[in-house]
2 protein chains.
Amino acid sequence: MPDQTKDRIVDAAYRALVKRGYHETSMKDIAAEAGVAPGLAHYYFETKEDLLVAAIERACQPVMDAWRQAGMNLSGPLPEDADPMMVARMGFELAKEELRTYRGLFLLTFDMFGVGLHNPKIAAAVRAFIEERRAFIARITQGVIAGMPDPPAASADAIAAALWGSLHGIYLQKVMNPDFDADAAIDALSEMAIAFATRPRLTSAQVV
Amino acid sequence: MPDQTKDRIVDAAYRALVKRGYHETSMKDIAAEAGVAPGLAHYYFETKEDLLVAAIERACQPVMDAWRQAGMNLSGPLPEDADPMMVARMGFELAKEELRTYRGLFLLTFDMFGVGLHNPKIAAAVRAFIEERRAFIARITQGVIAGMPDPPAASADAIAAALWGSLHGIYLQKVMNPDFDADAAIDALSEMAIAFATRPRLTSAQVV
DNA sequence: AGCGTTTGATTGATTGACCAAATAAACGAG
DNA sequence: CTCGTTTATTTGGTCAATCAATCAAACGCT
């Protein structure tokens, strides 16, 4: 049962990495968590980095599924008939739900961000991770902009970057401090975004 | 020259930590960078964690000074005569400037965030770091809210959390990818925030 | 028999922390 | 001013523990 074993190792890596973090988790720890011999993890994964990336991709699966189930595909176009504004609202709700449900995934992701600061291989994975989500938000934003009475100065990409950054920053505060009211922060962000998307046309005299 | 030596070590720690990151930097490395004996760093700092915190506090100094010079004090009240809206605008400009000037500090800070995920001592420092900046933004936000035609549903604290998170997330994208146009993202955020702060009163029929 | 899988011991290297001894600076008594 | 004593600083090396990665040997299925 080769594939089953590989999965066992990836699952064990996820659990161990969430518990102790990348630098405090050894390949031996992961093997022990999986209940296999110390050397086996290296049979399936050349380096520890590869295993981290596999663990994150695996952990992202249920989130991807949740988005798809809500009618949105991170790596595909939005449904033709979708109202971008409604999609955006739903996105903020899903973001709140995500944070409640997948705390371990966020721990792992943020750990990967930290590792990526000084590890080129992980850094590439981080950039791809961010880009996928940023591009998804940009597709929604593009649709919202098209419906705005007064088109914004900022591009859809720039707005998407700001929005992804906001969510990330809010997630971080929640992970660092479980008492932090992330829902309130996301609601505030949502309120800001909606005010922006529905702002009336300004006269040039009002523009600063 | 005891204090001078301590400063030399803190400076060396900053350089070494920026270059290689917390986990890839040994106390010996730092001592070598400072040009002192391997054991000396432990004379001034009980643990590596303490040295990391000292290095960050030290690196934050010039940023704090820049804010103070702009008439804002992170840990004090806003000037009495300040127009919150102008202060907010200036804040976004300073944020752009910061990112250009203090890349090393951000590397160090983000590294600390990563370490803090699984290190209680560093985690406490991270929470304090975030809280100080969040509270500062909240003071500005409070003033802006007071001047809004239609008071928001979100609290000043929640908005501040969203804004700090946004800036952090944008900084992260820039650190991870130097080609990222952080200025555009901050401008987009600023545009959103201003649209929010100047939004007209909605009729209840318009509220969703 | 043959091959993909699994084992567990080993390798070579590095780490943070610690310490005893060397050196320098500060002090106080005569 | 000077010598002896105490305190503060600095040195360089040791320590046990840990790590990612390698590898030859054993296993088990067909």
Side-chain angles (χ1 to χ4, degrees), chain A residues 1-56 108 111-112 114-123 125, chain B residues 1-56 108 111-112 114-123 125:
Chain A
M1 31 188 103
D3 275 7
Q4 228 175 75
T5 306
K6 190 172 180 176
D7 284 350
R8 275 237 313 277
I9 293 177
V10 174
D11 282 351
Y14 171 79
R15 288 193 302 275
L17 288 169
V18 165
K19 215 180 303 170
R20 288 186 291 278
Y22 183 79
H23 289 288
E24 286 74 28
T25 304
S26 69
M27 292 294 267
K28 251 192 214 355
D29 290 341
I30 295 174
E33 175 85 33
V36 298
L40 191 57
H42 275 291
Y43 176 74
Y44 288 104
F45 300 93
E46 203 171 329
T47 66
K48 204 173 128 179
E49 299 157 331
D50 294 337
L51 186 43
L52 169 63
V53 172
I56 289 191
L108 199 52
D111 199 29
M112 179 177 72
V115 176
L117 288 173
H118 299 280
N119 179 322
K121 205 185 227 172
I122 302 293
Chain B
M1 33 191 99
D3 274 8
Q4 229 176 75
T5 307
K6 190 171 179 177
D7 284 349
R8 275 238 313 277
I9 293 176
V10 174
D11 282 351
Y14 172 79
R15 289 193 303 275
L17 289 169
V18 165
K19 213 180 302 170
R20 288 186 291 277
Y22 182 78
H23 289 288
E24 286 74 28
T25 305
S26 71
M27 293 293 267
K28 269 192 191 20
D29 289 341
I30 295 173
E33 174 84 33
V36 299
L40 189 57
H42 274 293
Y43 174 75
Y44 287 104
F45 300 94
E46 202 172 331
T47 66
K48 206 170 108 171
E49 299 156 332
D50 295 336
L51 187 42
L52 169 62
V53 172
I56 289 191
L108 200 53
D111 199 28
M112 179 177 73
V115 176
L117 288 172
H118 299 279
N119 179 323
K121 205 185 226 172
I122 302 292

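Here is how names work: the chains are called A, B, and so on, in the same order as the sequence lines, proteins then strands, and each is numbered from 1.
- Rounded to an integer number of Å, the gap from CG of B:D7 to P of D:dT10 is 12 Å.
- Atom NE2 of A:H23 and atom C1' of C:dT15 are 14 Å apart (whole Å).
- Applying the salt bridge (charged side-chain N to carboxylate O under 4.0 Å, His left out) test to B:E49 and every residue at least two apart in sequence or in another chain returns B:K121.
- In this structure, the CG atom of B:L40 is 13 Å from the C1' atom of C:dA24, given to the nearest Å.
- Put simply, CD on A:E24 is 15 Å from P on C:dT15, counting in whole angstrom units.
- Applying the ring pair (Phe, Tyr, Trp, His ring centres under 6.0 Å) test to B:H23 and every residue at least two apart in sequence or in another chain returns A:H23.
- Not counting sequence neighbours, the partners of A:A13 by the side-chain contact (heavy atoms from CB on, under 4.5 Å) test are A:L17, A:I30, A:L51, A:A55.
- One atom, CG of B:D50, and another, P of C:dG16, lie 14 Å apart when rounded to the nearest Å.
- Qualifying ring pair (Phe, Tyr, Trp, His ring centres under 6.0 Å) partners for B:H118, counting only residues two or more places apart in sequence or in other chains: none.
- In the set D:dA8, C:dG8, C:dG4, the nucleotide with an atom closest to the side chain of A:A37 is C:dG8.
- In this structure, B:I56 CD1 and B:D111 CG are separated by 8.0 Å, a value rounded to the nearest 0.5 Å.
- Straight-line distance from the OH atom of B:Y22 to the P atom of C:dT14: 20 Å, rounded to whole Å.
- Put simply, OH on B:Y43 is 17 Å from C1' on C:dA17, counting in whole angstrom units.
- For A:R20, the side-chain contact (heavy atoms from CB on, under 4.5 Å) partners at least two apart in sequence or on another chain are A:A16, A:E24, A:T25, A:D29.
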Practice task
Go along nucleotides 21-30 of chain D 5' to 3' and tag each nucleotide: B for a protein heavy atom under 4.0 Å from its base, S when only backbone or sugar atoms are that close, - otherwise.
Solution key: BB--------
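- Between the CG atom of B:D29 and the P atom of C:dA17 there is a distance of 14 Å, rounded to whole Å.
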